[in-house]
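Single-structure report; data block below.
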Amino acid sequence: MTNPAHPPPSRLVTREVSLGYDDKPVVVDLSTDLPDGQTTVIVGANACGKSTLLRGMARLLRPSGGAILLDGQEIATLPSRQVARTLGLLPQNPVTPDGVSVVDLVGRGRHPHQGAFRRWSRGDEAAVAQALELTDTIDVADRLVDELSGGQRQRVWIALALAQQTDLLLLDEPTTYLDVAHQVEVLDLLADLNEARGTTIVMVLHDLNLAARYAGHLVAMRDGRIVAAGPPREVITEDCVRDIFGMESRVIEDPVTATPMVIPLGRRSRTLHDRRTA
Amino acid sequence: MSAVVSPEAVAVVRRARRRPIRRTQWVIGGLSLALLGVVAARTLLGDFLITVPDFLRIVTGTEIPGASYVLMESKLPRAVLGVLVGGAFGVAGAIFQTTLRNPLASPDIVGVSVGASAFAVFSIVTLHQSGPMVAVAAVAGALFVAVLVRSQVGSSGGNRLVLVGVGVSAALLSVIQYLFTRADVWDVQLLLQWLTGSLSRVDWPTIRLLAVLLGVLAPLLVWLARSARVAELGEDAAAGLGVTPRRSDALLLVAVLLVAAGVAAAGPIAFVSFLAGPIARALNAGRSTLIGAGLVGAVIVVGADYVATYLVPDVNYPVGVVTGAFGAPFLLWLLATGRAPRRS
């Protein structure tokens, strides 16, 4: 699928980028291309630098070395408003202001499209309406965000990112704090968007099996570097899982989606496993 | 990209947006009426009654012995100054509270107002300055405290900011008192103005200077305030929408200048910044509104000045005593009910 001679086009690439906090490097000399129109999922153990990489790509962190390029230009030097019209971000812990309604919150996603003094336009109205319809939150448009369930609230935040109408959308663990049903619901929604709008989606996920299901392109990280990248079928192997998490596992085919599925082998289950295969 | 949008959905969005906007319009309309009411009370009532026809005649230039002097040299300038100062404090407070996401983090709690006051007193008592130079000193003081507190706290905000700010204000209050004990002049009214805020030493040049400063800051404010709605969503989400922390800092800077201008004219009137935002927010169904906060601040200052002047016959309290009396219980209530910083 990935032919090295003809890499898929990508508007967002990193070139030997190093990122960190206060001179403490977290991501080191990392180069990767995020293929256009696909869903890229970044996985890895805790503190492997996956969120840091995403924050760098969203321009929240300035690289200490190398570069992150958006459409061939270094993202750190682009005007923030221009970046915000191309690349949307759903951070891990956004703040819901007090007393804010769904439509008001989602409307704030239109900010990069509004001029210094220009007020609300028909285009803004249509973009918000569309975002609410796509995320199936139109029925709660006039409710307060605080009153919604966790899953609904996450959909509203995704609606805000959609109202921003960017070609690329970065999400930092969009499924944390959600139960499994809501996790699948949110990931389905993102897959729909990717399919319907061709939005390039890049997200950090914890759950390997969900990552394998929803990713077109999977990036596995360890200690601030990329261990493997490519289609989930190629990336998720027993060796690779050992590399990333230092954990033995068995990888089987997901009976529903035929994507790879990781069965972790802990200390106890390993003895059981050995006994059965012996 | 441009999938079809159903007209029903657009109608839903339009309706859902209209309701809170209507509410805000009603709140602003109501507060404007309330402000008109307290301004009328402050200028027409009290120990010297002035009728509306007389008021109009005096303002348009007719000389009425006695009444002209009382209105033009005391009642009217005090009301006008109260409106300007209250509005500036109210808006500045709401900006601090929403940008720093902490209802306790208003400029009068974190020491910015007292900083302006201390520098102004230094310029008056030690450097023998007056007029615009006092305002410059106030701006320097407000900036000094804002930068100092910010550098000690970093971007973490929250309660550390408040604690550092409270410490800085206490230190600066003692500086003010020290400066006055060293000064040749011992004027209690003057001391009270710079400690708690007062409208009693008003004159028209001061008002003119304040009006010019506010006139310069207003368009900047309108320009920057739009990004405040995005900054509310947290630093990361705001950056994703193209609002960098630098922009929030610029908005805070305008708020600091508003406070400094107000303090230079009337001293650090206690608790106005702190009260105005939450009151406006409560009236506006929980949503923050800068214009509303400015109106509430103006109503508080003019109303409190009326009470301070006429509550006890023959005793003129400075307005800050009254706002302090109302503000302190509210501060305690905020602390006791733990409504302080929101998780961010």
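All of these numbers come straight from a predicted model, not from anything done at the bench.
Interface remark: A:Ala58 contributes no atoms to any contact with chain B (heavy atom separation under 4.5 Å). Contact annotation for A:Leu132: only side-chain heavy atoms (C-beta onward) come within less than 4.5 Å of a heavy atom of chain B. B:Arg19 touches chain A through its side chain: at least one heavy atom from C-beta onward sits under 4.5 Å away, while N, CA, C and O do not. Proximity to chain B (any heavy atom under 4.5 Å) is shown, for A:Leu90, by neither the backbone nor the side chain. Of the atoms belonging to A:Arg108, heavy atoms from both backbone and side chain fall under 4.5 Å from chain B. Using a 4.5 Å cut-off between heavy atoms, A:Leu170 does not touch chain B at all. For chain A, the nearby parts of B:Ser227 are the backbone and the side chain; heavy atoms of each come within less than 4.5 Å. Contacts of A:Arg55 with chain B are made by side-chain atoms alone, with heavy-atom separations under 4.5 Å and no backbone atom involved. For A:Arg85, no part lies under 4.5 angstrom from a heavy atom of chain B.
Within the 3.5 Å criterion, the main-chain N or O of A:Val17 finds no donor-acceptor partner in the side chain of A:Thr14.
B:Leu283 CG: more than 12 foreign heavy atoms inside a 6.0 Å radius.
Between atom OG1 of residue A:Thr86 and atom CZ of residue A:Arg81 there is a gap of 12.5 Å, rounded to the nearest 0.5 Å. In this structure, CG on A:Leu54 lies 8.0 Å from CG on A:Leu171, to the nearest 0.5 angstrom.
A cation-pi geometry, defined here as NZ or CZ lying under 6.0 Å from the six-membered ring centre and within 45° of its normal, does not hold between A:Arg110 and A:Trp120.
The two residues A:Thr175 and A:Leu187 have their closest heavy-atom pair at CG2-CG, 3.9 Å.
A donor atom on one side chain and an acceptor atom on the other are not found under 3.5 Å apart for A:Asn194 and A:Tyr214.
Chain B forms more heavy-atom pairs under 4.5 Å with one residue of A:Val128, A:Leu105, A:Leu89, A:Asp104 than with any other, namely A:Asp104.
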